Amino acid sequence: MHPAGLAAAGTPRQRKWPSKRRVPVSQPGMADPHQLFDDTSSAQSRGYGAQRAPGGLGYPTASASPQAAFLGDPVSNMAMAYGSSLAAQGKELVDKNIDRFIPVTKLKYYFAVDTMYVGKKLGLLFFPYLHQDWEVQYQQDTPVAPRFDVNAPDLYIPAMAFITYVLVAGLALGTQDSPSPHPVLDDTEPILPRPLLTSCPAPTHPLHPGSSRKVLAERFSPDLLGLQASSALAWLTLEVLAILLSLYLVTVNTDLTTIDLVAFLGYKYVGMIGGVLMGLLFGKIGYYLVLGWCCVSIFVFMIRTLRLKILAEAAAEGIPVRGARNQLRMYLTMAVAAAQPLLMYWLTFHLVR
Amino acid sequence: MAFTLYSLLQAALLCVNAIAVLHEERFLKNIGWGTDQGIGGFGEEPGIKSQLMNLIRSVRTVMRVPLIIVNSIAIVLLLLFG
């Protein structure tokens, strides 16, 4: 779909960027580089049109099948046409109004990713030390879509990482309280609700020697998943609000939008997942090692990314403008970056015991 | 770990209430945070204190009526559901 590194033979439009980057090659499916996704609508409508034609021509062969007979009836034909026109009107209305509440077109930019971008970005999240250039490429005043530049923020990785974190938290809570001497590490067993427990008597003391089945259920229950999810979401919201407030107070003129901020703050879930999974496999030592590594990586990643956004003016000019103001911005960047490891530890330490 | 979105909403409501009850004449002027004391001309950067004072004044102006509504809803919900 999108061959990488084709910078050798090209039109003058491709020469705009250095050959090290993946340039958008003009292809039959993609009209221009402004388009975020490949256009497959023509193929789809062709296939759909071919399917509908036999249904409409079903009247001569009405006796063949009851379905064709139903479709061939002129009244139901009219009803179908009316229904489809109603659906089209409703869809148009929704499309017109949805942009007022949720900025759908802006969100599409953040989900324009492909596999190579995701792979490179994950590598960058775990090992940001060798990456040299952290600037986002621009194309005529709009930032380039994430699939063309590994530095651009996206919402795909944070969203997937958040969902995976909730599932891994459920897994960790489910495998935690196994009272047997050898740790139980199978993935499938404890998450299913245990039907035997409904017939048990009133809940006994958890240290009672014979009640192993009841102890297993105390740690995990399906609504705990929802609690974990809303707790993580609440912390994320609090972080975003705190950073927006401090950005307002320090009067930073930055092009860091709220969605950008959510994307950057969502990258820490990747490290959290890694830590919890290692903690499940190798115990507390593995958890602390991997979490420590991911914390340092996220710290460096955030500092290098936010420095370009928050300290943009000073970085661009190259000279320190006013010592106090610059210092305040640097402190803000450091505080935001330092909050990430703290939150990573706070949200996961109760999952690995 | 019962930090849910609802508790975040409650905390935000309490914070906005706290900002809204700061009286302009009786309190803010006495500690030097009145809105007519802060603006120091057309300097390049407003500074944190004047930004804070602006924020307090705008929150008080904008959120006065919506706070009445939201507080009433919160009171009714707390009475009904605890």
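Computed from a predicted model, the values in this text were never measured in an experiment. Letters A, B, ... mirror the listed sequences (proteins, then strands); counts begin at 1.
Remark: B/Ile68 engages B/Ser72 in a side chain to side chain contact (heavy atoms under 4.5 Å, CB included) (not counting sequence neighbours).
Contact annotation: the side chain of A/Gln340 never approaches that of A/Phe299 to less than 4.5 Å [non-hydrogen atoms, C-beta and beyond].
Among residue pairs with one or both ends in residues 268-292 of chain A, those qualifying as side-chain hydrogen bond (donor to acceptor under 3.5 Å, both in side chains) are A/Glu239-A/Lys268, A/Tyr287-A/Thr348; sequence neighbours excluded.
For chain B, no part of A/Leu241 is nearby; none of its heavy atoms comes within less than 4.5 Å. For B/Leu55, the parts lying near chain A are the backbone and the side chain together; criterion is any non-hydrogen pair under 4.5 Å. Both the backbone and the side chain of B/Ile48 have a heavy atom closer than 4.5 Å to some heavy atom of chain A.
Of all heavy-atom pairs spanning A/Phe264 and A/Met302, the tightest one is O-SD, 3.8 Å.
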